[in-house]
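Report on the structure given below.
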Amino acid sequence: MSMRTSWADSVSAAENAAAGGGGNRSTYVPPHLRNRSASSDSLAALPQGGPAPVNAAPTGGNRWAGPRNDYNRSGYSGGGGGRGGGWNNRSGGWDRGRDREVNPFGDDDSTEQESGEPENTGINFDAYEDIPVETSGDNVPPPVNTFADIDLGDALNENIRRCKYVRPTPVQRHTIPISLAGRDLMACAQTGSGKTAAFCFPIISGIMRGQSAQRAPRMPRTACPLALILSPTRELSSQIHDEAKKFAYQTGVKVVVAYGGAPINQQLRELERGVDILVATPGRLVDLLERARVSLQMIRYLALDEADRMLDMGFEPQIRKIVEQMDMPPPGLRQTMLFSATFPKEIQRLASDFLSKYIFLAVGRVGSSTDLIVQRVEYVHETDKRSHLMDLIHAQKANGSHGKQALTLVFVETKKGADSLEYWLCSNGFPATTIHGDRTQQEREYALRSFKSGNTPILVATDVAARGLDIPHVAHVVNFDLPNDIDDYVHRIGRTGRAGKSGLATAFFNENNSSLARSLSELMQEANQEVPAWLSRFAAKASYGGGKNRRGGGRFGGRDFRRDSSFSRGGADHYGGGNMSGGYGATSGYGAGGGYGASGYGGSYSPGVTSAWD
DNA sequence: AAAAAAC
């Protein structure tokens, strides 16, 4: 009860200060002002020294060392002694109830066991012990072994508990301290490695500590996020947003998502209500920037997820526009994290342009984790694929659990192919739906929901669903059409075998896939899968045909990209030099393609990790 | 070659 008035007071104090008497009726309260109870705090109570220039932060390295008494306040976590005391209980908060924070964890912590085991059991934690991890760079902060080793703050710790994260994944163990130290990072990490949490925790924590009292400029209709997370697909952005909201629950840090295909007005409204962390796809963000509805001048954290994917998709111009040609602070004055599964020269270039004195991190995939996925390859002629699929689904049906049919994800190569296969399945009595880029966003989201819920246990998808998407409980991934790229294959099969559950991946192979034969059989061998003799023969043939073999074939510590002739063309060692600034970087060891993530089939690929770790 | 992504 007193809390309510406290909050209200706090808000009006903040408003008065922020509006400067200008009659601005914005209800947005910067995060560093939110977590304080008004009775004792006011603007003047900001951490000592008052306003620190925001730009002093990233390279300073020491900004975390100061007293951090501006969060975990009594009004917040201490509360009535019960956990989650603060926000939940208020009946009208600083926002006057207009945007009551929905509990992203569902109704109550205590009901979480209702449907079987908690999400995180079954993870083979021991498998994490011997994951190869390589870092390079100057003064790399040591990894942590537990979340408790890191001072993320009570609110965040509580959310980690709610997420049931027991121990940090390798990418988290390394990334979080690096990031908390204010360092830039280029990381080889893929879906399933826990990277969303790895970059969200430090961002949220940093924003909460945000000692910068620098106010957002007074631009009533322009949102000024402190952190930007870019990702290649709408669904991935949406998923990151969902995760980030869990991590930020009751921290006062506001997360907003913006992507195309959805009505922009709602997103604009959300933005107007204030945003600390903006998750976005590049196209929509450019739109928002051009409308001046978003300004990047306050950005302190930038995370680029699936960077190689974004470049594949032709986003480089938009990304460069966003990062270099708008009003975002330059490298060194912001903290940048670049995540990519592979390191072709385009990515190297991006890294040397976007990052400052960065640390390079490559996390190997979890030991023998692909053991959790049984991979089968079957020789199927183009014309036989449908009937073959029908057989598989029938067999699957027999295995279904809880009276529900197990979820089957079917990958095809084209959007038309997806539609026609879906139509065929449906007209043959199989409940199927489809997701691809020709469908409206509404249809895509509906399809995904319907699939996840089990209402439509068969989902036909193009590669839009291959990467990053977290669909729990997929029992079977069928590569109806194999991709041309082994990385895509790895991503696709990674949709199953999650959360420590076993998964099955079946591929239909025929002459059309010759180019994949070699890398596919290598991958399967590495994962202790049975490679059919006929596939080995295809592989042997293809290795001479010069098909699309894997570059270098190297493992950890492959080719040095600077020795790649195509790389040094037009300026020997340009990138090497660029990356070497300060002696960091993806220098030897992680080649352009021949390096870690590329050849190791997902250097950090780690299926068998629960959804929340993505 | 196809996929994805802003209106």
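A, B, ... follow the sequence lines: proteins, then strands. Residue 1 opens every chain. Predicted model only: the values in this text are computed from it and were never measured.
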Atom-to-atom span, CZ of A:Arg291 to C1' of B:dA6 - whole angstrom = 9 Å
If only side-chain N and O atoms of A:Lys415 are considered, is one of them under 4.0 Å from the OP1 or OP2 phosphate oxygen of B:dA4?
-> yes
If only side-chain N and O atoms of A:Thr414 are considered, is one of them under 4.0 Å from the OP1 or OP2 phosphate oxygen of B:dA1?
-> no
Using atom CG of A:Leu288 as one end and atom P of B:dA6 as the other, report the distance to the nearest whole Å.
-> 10 Å
For A:Met313 and B:dA3, what is the distance between atoms CE and C1' respectively, to the nearest whole Å?
-> 7 Å
The ring pair (Phe, Tyr, Trp, His ring centres under 6.0 Å) partners of A:Phe509 (sequence neighbours excluded) come to A:Trp534, A:Phe538
Atom-to-atom span, CG of A:Asp308 to C1' of B:dA3 - whole angstrom = 15 Å
What's the verdict on side-chain hydrogen bond (donor to acceptor under 3.5 Å, both in side chains) for A:Thr462 and A:Arg439, showing C-alpha distance, side-chain angles and the deciding distance?
-> CA-CA 11 Å; A:Thr462 61; A:Arg439 305 200 80 196; over 6 Å; no
Let me know the distance between CZ of A:Arg234 and P of B:dA3, rounded to the nearest Å.
-> 15 Å
Under 4.0 Å between a side-chain N/O of A:Thr233 and OP1 or OP2 of B:dA5, yes or no?
-> no
Listed pairs under 3.5 Å, donor-acceptor, residues 285-293 of chain A side chains, sequence neighbours left out:
| unit_1 | atom_1 | unit_2 | atom_2 | d |
| --- | --- | --- | --- | --- |
| A:Asp287 | OD1 | A:Arg291 | NE | 3.0 |
| A:Glu290 | OE2 | A:Lys321 | NZ | 2.8 |
| A:Arg293 | NE | A:Arg221 | O | 3.1 |
| A:Arg293 | NH2 | A:Glu272 | OE2 | 2.8 |

Rounded interatomic separation in angstrom, taking CG from A:Asp312 and P from B:dA2 = 16 Å
Hey, does A:Val286 reach any base, or is it just sugar-phosphate, or nothing, if we go heavy atoms under 4.0 Å?
-> nothing
Phosphate OP1/OP2 of B:dA4 contacted by A:Arg444 side-chain N/O (<4.0 Å) | no
Any A:Arg309 side-chain N or O less than 4.0 Å from OP1/OP2 of B:dA4 = no
So, A:Tyr379 and A:Glu511: side-chain donor and acceptor under 3.5 Å apart, yes or no?
-> yes
Answer with yes or no whether the side chains of A:Gln441 and A:Glu445 bring together a donor and an acceptor at under 3.5 Å.
-> yes
To the nearest angstrom, the CG-C1' distance between A:Leu311 and B:dA4 comes to 13 Å
Looking at every strand, decide which applies to A:Asp287 at a 4.0 Å heavy-atom threshold: base, sugar-phosphate, or nothing.
-> base
For the side chain of A:Thr462, counting heavy atoms from C-beta on, which of B:dA6, B:dA5, B:dA4 is nearest?
-> B:dA4
Whole-Å distance separating the NE2 atom of A:His436 from the C1' atom of B:dA3 = 11 Å
Can a side chain N or O of A:Arg439 be found less than 4.0 Å away from OP1 or OP2 on B:dA3?
-> no
Look at all strands and tell whether A:Glu290 reaches a base, only sugar-phosphate, or nothing, counting heavy atoms closer than 4.0 Å.
-> base
